[in-house]
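The structure under discussion appears below in the form of structure tokens.
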Number of protein chains: 2
Amino acid sequence: MGVKEMTISDIAKLAGVAKSTVSRYLNGGSVSEETKRKIENVIINTGYIPNTFAQSLKAKRTNIIGTVIPRLDSYAAAKTLIGIDEELRALNCQMLISNTSQDLDRELESIYGFARQKVAGIILMATQITDAHLEAFKKIQIPVILVGQLHHEIYSLIHQDYESGYEMGKYVLLKGHRNIAFLGVTEKDIAVGVRRKEGFKKALEEVVDCNVRFHETSFSMMEALKQATLIIEKYKPSIIVCATDNIALGVLKAASLKGLRIPEDLSITGFGGYDVTEVIHPGLTTIKYFYKDAGQVAARNIVKLVNGEDVNKVTHSKFKLIERESVDNRIVNIL
Amino acid sequence: MGVKEMTISDIAKLAGVAKSTVSRYLNGGSVSEETKRKIENVIINTGYIPNTFAQSLKAKRTNIIGTVIPRLDSYAAAKTLIGIDEELRALNCQMLISNTSQDLDRELESIYGFARQKVAGIILMATQITDAHLEAFKKIQIPVILVGQLHHEIYSLIHQDYESGYEMGKYVLLKGHRNIAFLGVTEKDIAVGVRRKEGFKKALEEVVDCNVRFHETSFSMMEALKQATLIIEKYKPSIIVCATDNIALGVLKAASLKGLRIPEDLSITGFGGYDVTEVIHPGLTTIKYFYKDAGQVAARNIVKLVNGEDVNKVTHSKFKLIERESVDNRIVNIL
DNA sequence: CTGAAAGCGCTTACAG
DNA sequence: CTGAAAGCGCTTACAG
């Protein structure tokens, strides 16, 4: 009804008790049945809502977990966020999201901002960890968990980039491909740019007479489309292995525009396991990461850390190769 | 440094001034150059960060805008959120996100939760507005803006669903299609389920001898895939007009699985303008809504409302038909 | 320009 | 079970 905000004093007065009694009622302290009823009534009638700021000011601690993400419109980020949100809700914590639009400075700002808001813990979906990050973590004195990247000084939740890269390499070889292009991303991104590639490379080393070229592009579909066009024209690989599904989507388009049949004329694979890879035609063979699971684990871990419990320094999230129609079996063709 | 949290009193003591002077320094009040320097020094050395709760407790008002969204992993939601976030940041406000996973109860909870946190305003991406919503809005006494749905009692930012539906209808007719299937969603969703369909229907009414059937599905790709398979088998339409791009993606897959060529054997259109519709092959003809713009406008409007400024009860966001390769021109074929 | 004091709305020992 | 009082960290008139 409140033209005016109700305070705990108002409630106390209306119920004919002391403020402390109302507070006790609110926080589940011991209150007699009769008092309880009186207070309850007043609260319902007034629609009283306690002031969170005053509460937190006293309690000296919030149940808010801050999450810093590089982008809002990425499949990986969205799914991870969903996992975090779900788990945090179950654990009775709140999630605060800060989107940095892939701007490193804003990432730092967000971290300090969260500290100012006295969040209990921070989950960071980082692409790179700089010295400035390390300094920030030290300064704020708040538990932090990294998702998607590894750093020995910080708690991390990582995807098995190396291992999945290796598995993809093995798979591609098994299918008989020997003229291979790998379309990756900047090495500044250790997980995607380095580990994923290194795992793949490792698998290929185990075979002779295999021709592989490594190219670099950005995370954008359009850029991948352009790059792929060049690669196809110049090197005519039998397969382009893409470091993300998004890149694979760009390559797919490039191939279609050139009139190439997939997988007969060109095979393509991705990493990620985005929903859309299943619904396009032909379906994209890719590595599926379990982003939502990862988010849930990250949430559980950060809450443990906040509560002073023990957590492994690094937790691995699983992955799975999903075989669909975008890779040609060259072995069969040879027979 | 702080093993212990610094407070404004500590800073005052260390700088040899009064708390109020420090506060004034912090808030840009008048402080002499010398005092300024002293305080500045102490703050830098201690890494002092003001307590937001105490600040808000006094100020009686936050600069936080709460945003309620039905899902995190939807193109429309993500883009809208990006627009809101960007604009809010520019306006010096903070964005708080609450994801409801398409659960109406959680939508209500979120609204009350935001009220408890004393957000200055709320942006709601709703799918339906119930009486419980209306009651909540009345109770909380906080400015609210609806995005994507219209309600005469509330400020709204809407997409031109009817108009774009109409334009799509005209386009489909122009291309010579006369055996049409429309694959829509529940009418509980007024914008997408009703208005978009009604606009489309209206366009078709203006022509005779046109055969159109309306079907209903969910927002899920997989469900659309199943439905489309049935529709194709039973009615053999020359085109399936889908109420969202997501649905269109499912239909596209269904067609591919049946070996139909697009657009020769079956034409398909969507609504939304998701990035992926451009990169798939053939490209999907669709209506593009400007979600990010809409988010920005919503953000601007909610801030105006918070500041007591005037805002139109309903604001329309624009749209654009994007013609790509998924629609066959039947007129040419006839000739 | 500067400081002492009151107060924001709540919680938490401490008595009773 | 209940209440009076102190205090969380800040801001804001009000004097000076």
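Naming convention: chains lettered A, B, ... in sequence-line order (proteins, then strands); numbering from 1 in each chain.
- When each of C:dT2, D:dG7, D:dG9 is scored by its nearest atom to the side-chain atoms of A:Lys58, the top-ranked nucleotide is D:dG7.
- With no hydrogens or angles considered, no side-chain donor-acceptor pair links A:Ser20 and A:Ser23 at under 3.5 Å.
- For the residue pair A:His133 / A:Glu107, a side-chain donor-acceptor distance below 3.5 Å is found, with atom types taken as modelled.
- Applying the Watson-Crick and G-U wobble criteria (two distances, each under 3.5 Å), D:dA15 pairs with C:dT2.
- Of the candidate nucleotides C:dC10, D:dT12, D:dG9, C:dC10 has the atom nearest to the side chain of A:Lys19.
- Side-chain N/O atoms of A:Ser20 include none lying less than 4.0 angstrom from OP1 or OP2 on C:dT11.
- The side chain of B:Asn51 contributes no N or O atom lying less than 4.0 Å from OP1 or OP2 of D:dC8.
- Two residues, B:Arg24 and B:Pro50, neighbour DNA chain D, and the one matched to the more 5' nucleotide by heavy-atom proximity is B:Pro50.
- Taking atom OH of B:Tyr48 as the reference point, atom C1' of D:dC10 lies 7 Å away to the nearest angstrom.
- Of the candidates C:dT11, D:dT11, C:dG3, the closest approach to any side-chain atom of A:Ile8 belongs to C:dT11.
- One finds no side-chain N or O of B:Thr7 lying less than 4.0 angstrom from the OP1 or OP2 phosphate oxygen of D:dG9.
- Put simply, CD on A:Gln117 is 16 Å from C1' on D:dG9, counting in whole angstrom units.
- In terms of phosphate contacts, B:Gln55 brings no side-chain nitrogen or oxygen within less than 4.0 Å of OP1 or OP2 of D:dG9.
- Closest to the B:Thr35 side chain, of the nucleotides C:dC1, D:dG9, D:dG3, is C:dC1.
- Counting any heavy atom pair closer than 4.0 Å across all strands shown, B:Ser32 reaches sugar-phosphate atoms only and no base atom.
- Remark on DNA chain C: of its neighbouring residues B:Lys36 and B:Ala54, the 5'-side contact belongs to B:Lys36, judged by nearest-heavy-atom nucleotide.
- Spacing between atom CG of B:Asp10 and atom C1' of D:dG9 amounts to 10 Å, rounded to whole angstrom units.
- Atoms CZ (B:Phe53) and P (D:dT11) sit 14 Å apart, rounded to a whole Å.
- Checked by atom type and distance alone, the side chain of A:Asn307 never pairs as donor or acceptor with a backbone atom of A:Glu309 at under 3.5 Å.
- With A:Gln149 as the fixed residue, the side chain to side chain contact (heavy atoms under 4.5 Å, CB included) test singles out one of A:Ile158, A:Asp189, A:Ile154: A:Asp189.
- If you take CD1 of B:Ile39 and C1' of C:dC1, they are 11 Å apart, rounded to a whole angstrom.
- Aromatic ring pairs are classed by plane angle as parallel below 30°, tilted from 30° to 60° and perpendicular above 60°; the pair B:Phe53 and A:Phe53 is tilted.
- Atom CD of B:Glu33 and atom C1' of C:dC1 are 12 Å apart (whole Å).
- Taking the six-membered ring for Trp and thresholds of 30 and 60 degrees, A:His159 and A:Tyr291 have ring planes more than 60 degrees apart, a perpendicular arrangement.
- B:Tyr25 comes within contact range of no nucleotide atom at all, as no heavy-atom separation falls under 4.0 Å.
- Within the nucleic acid shown, B:Ser30 comes within 4.0 Å of at least one base atom, counting heavy atoms only.
- The side chain of B:Ala18 lies closest to C:dG3 when the candidates are C:dC10, C:dT11, C:dG3.
- The nearest whole Å value for the distance from the CD1 atom in A:Ile11 to the P atom in D:dG3 is 15 Å.
- Atom P of nucleotide D:dC1 and atom CG of A:Asn27 are separated by 15 Å, given to the nearest angstrom.
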